[in-house]
Amino acid sequence: MSRAGFAGPGGPGRGDSSDMVDGFGRRIEYLRISVTDKCNLRCVYCMPLEGLDWLKRDDLLSYEEIVEVVRVMAPMGLKRVRFTGGEPLVRRDLARLVGMVAEVPGIEDLSLSTNAVLLADEADALEAAGLNRVNVSLDSLRPDRVDAIARRPGSHEKIMRGLQAAEDAGFAPLKINVVLIGGRNDDEIPDFAAITRERPWHIRFIEVMPTTANLDLSRENYVSCAEALRRVRALGELEPVEGPTGNGPATYYRFPGAPGTIGVITPMSHNFCDRCNRMRLTADGQLRPCLFGDLQTDLRTPLRAGESLVPHIRETLRVKPERHHLVQGADVGSGGLVALSQTGG
Ligand code: SAM
Ligand code: SF4
């Protein structure tokens, strides 16, 4: 266990049968695996345009090493895996990793968080490899705004093709993540909500979280999910619903009879840490008990030394904090995190 400074059966320590339960009694069954810190977009709330130091190639866990971590955790209670980044599809042949993780006994659900720019070419291979679901980031319905928020011209068209490919490949439920940015997309809250009356999409509004790279934006353009729901309710009454498969931090609502739902993810206004069921593995093999804060455990060194990972995983569970300590628009509680792309948001 160390403080981050951002800038088994016979084998290397397979898990035992006791579950992964942290010091607050939360059962951990979900691992978010970041496969790269790189991205083909530069979303205004996430990555700075320049200045991030990339991990070196040798620092990245290989696909074989990632699968070994999953193999150790599965007998300890791991059931669900999500691939994230950075942009996971910029790492070559992600479908190969998906196929390898899909074969680990005990893993029941495989999902992907993506900006969808490269999804059109990969969707069928990912589905064939065993991927169940995708979450797509889409912060506006207007082409010019998508490109401006992503700071990469031409993104909108590729994302739309990626979304279509996701639907054609049968990924369901399809969740769309919308980070709320005052003055840039908050006037589209009703348009996003209206989609759920037509399509089986699960639109999730997310409150922006402060990192070193986005302090001005998170201070000046913050929109709460309470405000988003207020604007959605102007379209019609909402009923609370359980939400689609794999629901984690979101709280869901629906227009009566609508095929889709509206979810809110409120890390700032109402933290949901008491329901936290996850840990994170960074692309360089650090196991993080919380998205924020500076606690992480190096799994790469013991992994490469052929040592047991179990004590390191147990120690990470033991120190998993009760909650995050983010403060809106301030550089405290994030553990010096520059961008969520560094840990996998
Ligand atoms: N590149 C992929 C994507 O965009 O979906 C996966 C990685 S991205 C870091 C994961 C999620 O984190 C996305 O839904 C993104 O919108 C969200 N995100 C990134 N930075 C954020 C921030 N500062 N506050 C809230 N959500 C953020
Ligand atoms: Fe890239 Fe995702 Fe961050 Fe946007 S939110 S810059 S797509 S990692």
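Please read all numbers here as calculations on a predicted model, not as lab measurements. Just follow the structure's listing: the first ligand is 1, and inside any ligand the first atom is 1.
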### Task
Pull out every atom of ligand 1 sitting under 4.0 Å from any heavy atom of G85, numbered as shown with elements.
7 (C), 9 (C)
### Task
Using distance alone, determine whether N214 and ligand 1 share an N or O pair under 3.5 Å.
yes
### Cation-pi, Y30 ring and R278 (6.0 angstrom, 45 degrees)
no
### Query
Does ligand 1 have any atom sitting under 4.0 Å from a heavy atom of G86?
yes
### Message
So T114 and E122, do their side chains get closer than 4.5 Å, heavy atoms only?
### Response
no
### Task
Might you point out which heavy atoms bring P259 and T196 nearest each other, and give the distance in Å?
CD-O, 3.2 Å
#### Entry: Numbering as shown, the atoms of ligand 1 that approach C46 to under 4.0 Å (heavy-atom distance)
19 (C), 20 (N)
### Query
With sequence neighbours left out, which residue pairs that include part of residues 39-51 fulfil the side-chain hydrogen bond (donor to acceptor under 3.5 Å, both in side chains) condition?
N40-N115, Y45-D139
### Query
Short N/O distance, under 3.5 Å, between Y45 and ligand 1?
yes
### Query
So is E87 polar-close to ligand 1, meaning N/O to N/O under 3.5 Å?
yes
### Message
Quick one, Y252 and P244 - any side-chain contact, counting heavy atoms below 4.5 Å?
### Response
yes
#### Entry: Main-chain N/O of S111 paired with N132 side-chain donor or acceptor, under 3.5 Å
no
### Task
Show which atoms of ligand 1 fall inside a sub-4.0 Å distance from at least one heavy-atom site of E207.
25 (C)
## Note on the structure
Counting from 1 in the order shown, the ligand 1 atoms closer than 4.0 Å to a non-hydrogen atom of N177 are 14 (O)
### Task
Taking only heavy atoms of T84 into account, list the atoms of ligand 1 that are under 4.0 Å away from them.
6 (C), 7 (C)
### Query
Does I265 reach the side chain of F205, with side-chain heavy atoms less than 4.5 Å apart?
no
#### Entry: side-chain contact (heavy atoms from CB on, under 4.5 Å) partner of M20, chosen from E29, M76, R27
M76
### Task
Anything protein N/O/S under 2.8 Å from atom 4 (Fe) of ligand 2? Just list residue and atom, please.
C43 SG
#### Entry: Nitrogen or oxygen atoms of M209 and ligand 1 under 3.5 Å apart
yes
### Query
What atoms of ligand 1 come closer than 4.0 angstrom to any heavy atom of V179?
16 (O), 26 (N)
### Task
Go through ligand 2 atom by atom and flag the ones less than 4.0 Å from a non-hydrogen atom of G86.
8 (S)
### Summary
Of T282, I66, L55, the one forming a side-chain contact (heavy atoms from CB on, under 4.5 Å) with L60 is L55
### V146 side chain reached by M160 side chain, heavy atoms, under 4.5 Å
no
### Query
Are the charged groups of R96 and E64 less than 4.0 angstrom apart, N to O?
yes
### Message
Give the atom numbers and elements of ligand 1 that come within less than 4.0 Å of a heavy atom of S137.
### Response
3 (C), 4 (O), 5 (O), 13 (C), 14 (O), 15 (C), 16 (O)
### Query
Do the side chains of L141 and I195 get nearer than 4.5 Å, heavy atoms only?
yes
